[in-house]
Chemist: 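The structure's right below; bear with me while I get my questions together.
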Amino acid sequence: MKVVVVGCTHAGTSAVKTILTENPDAEVTVYERNDNVSFLSCGIALYVGGVVKDPEGLFYSNPDELASFGADVKMEHDVLDIDTEGKTLTVKDLKTGEETQDTFDKLVVTTGSWPIIPPIDGIQSDNVVLCKNYNQAQEIIRRKDDKKRITVVGGGYIGIELVEAFAEDGKEVTLVDGLDRILNKYLDPEFTSVLEDDLRNRGVKIQLNEMVKGFVDNEDGTTTVQTSGGEYESDMVILCVGFRPNTELVKGQVDMLGNGAIIVDNYMRTSNPDVFAAGDSCAVNYNPTGGHAYIPLATNAVRMGLLVGKNIKEPTLEYRGTQSTSGLYLFGWNIGSTGVSENSAPVMGLETRAVMFEDNYRPEFMPTNEKIMMKLVYEVGTKRIVGGQVMSKYDITQSANTLSLAIQNKMTIEDLALVDFFFQPVFDRPWNYLNLLGQAAMAHEAEIEQESMNAGSN
Ligand SMILES: Cc1cc2nc3c(=O)[nH]c(=O)nc-3n(C[C@H](O)[C@H](O)[C@H](O)COP(=O)(O)OP(=O)(O)OC[C@H]3O[C@@H](n4cnc5c(N)ncnc54)[C@H](O)[C@@H]3O)c2cc1C
């Protein structure tokens, strides 16, 4: 079996290792246009903020390791063209410029994603940088020391992590977002308003509801970010307004969502059974809705890559889908979210109700304590849990993982209210906070039922 893997960061690395572990006789060729594999982009903010001291440590594999599994690793090779029916591809060696043809029995498309670059005037300014791969990380790191005013465009988790990192590094930071809240895809306003206040108190300028109209380079080397609400002079601008799948190579050859994300079945097969795909190049099966969604995360990438390896010869292990579970650390806040938020549920076609729950995480007789904030989102009628958010100065982020499990297994609010969790006063109360969250949802349902009975009897 001759396998060609195109692209080798998280999905590709995971696929290559699993293909060769499961099929030691497979002939695997990897084409990667960069000179590295497995770069953890999440480390960029950690490096900028001084938590990670050496960016060289932000890799967990390398071409030699993949070669030790038996792969023929062709670094700095750009795949220019793929014919999935003819099973051929054209590749350019970026060091020599030479173009060659190759063939395959099975193709693995792990070409990932690329930052969205909106058509804004002046976006090609040298001061506007992207933040995705190792080269861009090095560029940000190289430039950052002599830059004082940093503007981050985009208040998703990548933008927010960079805002924190630059603020911790002593920079004057402005965050611009066209929507009315930061982190709006992950968290509801009960959480984001606390975080926005905290950021403002730390001197971060948060410019919400402002669309960027243009970037104007000034003679003194700075760039003015012009928005619908103001102008922000900046030494460096980081653009993080989202990602799009990098799938031009197979466009029109396999089924895709409207944004170009490749649709795969539960065994990572595309609409062509000899073409597999994984990671940011793909749509995921989103368990809260049962439909497809585009959710580019490293967690999805490594999981889907593994499944390519398990299933490339024959279908053996099924994909369990995703809840898009995410964690974030922001100025001492430990934040976790999974599934839909109350705000995003209607957009996803779900009719939901939600409850907030706030408490101390453990009994008051303990010498110290911290407040916890939790939210549960569940489907009207079935009471199936479809989303959850948790936030505290105490680290309860693993509860987002527990809620992820609840969503994946289609548990109801009653299941959560009564599930067996331990009690130990160092950690929680006789009822764990997740049980209490489920019970808060049950109480809310009982109230609604009572109100409708009262209305019926009037
Ligand atoms: C700043 C930042 C922070 C993040 N933090 C987190 C986090 O905390 N948690 C989390 O789960 N996710 C996080 N992510 C998302 C995560 O990085 C991506 O989901 C992940 O990189 C996807 O991996 P992938 O292998 O599918 O694709 P990619 O990482 O996009 O890699 C695709 C690879 O394919 C190569 N390639 C593409 N086209 C070709 C071609 N024609 N020829 C040869 N090679 C090609 C590219 O060079 C690249 O190496 C973060 C992302 C960023 C940018």
Chemist: Whether the side chain of S344 engages the backbone of K185 through a donor-acceptor N/O pair (distance < 3.5 Å, no angle test) should be reported.
Modeler: no
Chemist: So, the side chain of R362 versus the backbone of V426: is there a donor-acceptor pair under 3.5 Å, distance only?
Modeler: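 Checking the backbone N and O of V426 against the side chain of R362, a donor-acceptor pair under 3.5 Å is found.
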Chemist: Determine whether the side chains of N272 and T270 contain a donor N or O and an acceptor N or O closer than 3.5 Å.
Modeler: no
Chemist: Quick check against the 3.5 Å criterion: does T13 have a side-chain atom that pairs as donor or acceptor with the backbone of H10?
Modeler: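 Pair absent, no side-chain N/O of T13 close to backbone of H10.
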Chemist: Show your reasoning for whether side chain to side chain donor-acceptor pair (under 3.5 Å) applies to S341 and K375.
Modeler: CA-CA 9 Å; S341 65; K375 188 163 185 174; over 6 Å; no
Chemist: Look at the side chain of S392 and the backbone N and O of K371, then say whether any donor-acceptor pair between them is shorter than 3.5 Å.
Modeler: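 Flag set: sc S392 to bb K371 pair under 3.5 Å.
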Chemist: State whether the side chain of D177 and the backbone N or O of L179 hold a donor-acceptor pair below 3.5 Å, judged by distance alone.
Modeler: yes
Chemist: Once you round to the nearest 0.5 Å, how far does CD of E342 lie from CD of E190?
Modeler: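 So the gap between those two atoms works out to 6.5 Å.
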Chemist: For N62, does its backbone N or O pair with a side-chain atom of N36 as donor and acceptor, under 3.5 Å?
Modeler: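 Looks like no, no N/O pair under 3.5 Å.
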Chemist: Quick one, N311 with T316, criterion side chain to side chain donor-acceptor pair (under 3.5 Å). Give me CA distance, side-chain angles, the key distance, then yes/no.
Modeler: CA-CA 6 Å; N311 297 314; T316 59; 3.2 Å; yes
Chemist: Has R269 got a side-chain atom pairing as donor or acceptor with P315's backbone, closer than 3.5 angstrom?
Modeler: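 Side chain of R269 to backbone of P315: no pair is present.
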Chemist: Go through the side-chain N and O atoms of N135 and E139 and say whether any donor and acceptor fall under 3.5 Å apart.
Modeler: no
Chemist: Given side chains that start at C-beta, do those of V419 and N435 come closer than 4.5 Å, heavy atoms only?
Modeler: yes
Chemist: Return yes if a side-chain donor-acceptor contact under 3.5 Å exists between N266 and N285, otherwise no.
Modeler: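 Result is yes, a qualifying pair exists.
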Chemist: Donor-acceptor pair, S14 side chain versus L306 backbone, under 3.5 Å?
Modeler: yes
Chemist: Roughly how far, to the nearest 0.5 Å, is the CZ atom of R320 from the CG atom of L307?
Modeler: 8.5 Å
Chemist: Are the side chain of N201 and the backbone of D197 linked by a donor-acceptor contact shorter than 3.5 Å?
Modeler: yes
Chemist: Would you confirm whether K383, through its side chain, and V380, through its main-chain N or O, come within 3.5 Å as a donor-acceptor pair?
Modeler: no
Chemist: Determine, stepwise, if the pair T111 / N246 fulfils side chain to side chain donor-acceptor pair (under 3.5 Å).
Modeler: CA-CA 6 Å; T111 45; N246 215 349; 5.5 Å; no
Chemist: For S113 and K132, test the side chains for any donor-to-acceptor distance below 3.5 angstrom and give the result as yes or no.
Modeler: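 Side chains of S113 and K132: pair found under 3.5 Å.
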Chemist: Please work out whether the ring planes of F39 and Y134 are parallel, tilted or perpendicular, with thresholds of 30° and 60°.
Modeler: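 Taking Y134 first and then F39, their aromatic rings sit tilted (interplane angle of 30° to 60°).
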Chemist: Determine, stepwise, if the pair K147 / D169 fulfils salt bridge (charged side-chain N to carboxylate O under 4.0 Å, His left out).
Modeler: CA-CA 11 Å; K147 309 284 182 196; D169 199 31; over 6 Å; no
Chemist: Going through the checks in order, is the salt bridge (charged side-chain N to carboxylate O under 4.0 Å, His left out) test met by E364 and R429?
Modeler: CA-CA 10 Å; E364 283 67 26; R429 299 181 190 274; 2.8 Å; yes
Chemist: Under the side chain to side chain donor-acceptor pair (under 3.5 Å) rule, what do Q323 and T338 come out as? Steps first, then yes or no, please.
Modeler: CA-CA 6 Å; Q323 286 69 250; T338 184; 5.0 Å; no
Chemist: Distance-only criterion, 3.5 Å: show the donor-acceptor pairs between side-chain atoms of residues 350-357 and protein atoms not counting sequence neighbours.
Modeler:
residue : atom : partner : partner atom : Å
R353    : NE   : E445    : OE2          : 2.8
R353    : NH2  : E445    : OE1          : 3.3
R353    : NH2  : E445    : OE2          : 3.4

Chemist: To the nearest 0.5 Å, how far apart are CE in M304 and CE in M268?
Modeler: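 Separation between the atoms: 4.5 Å.
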Chemist: Do Q398 and N401 get their side chains close enough for a donor-acceptor pair, meaning under 3.5 Å?
Modeler: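 Distance-only check passes for Q398 and N401.
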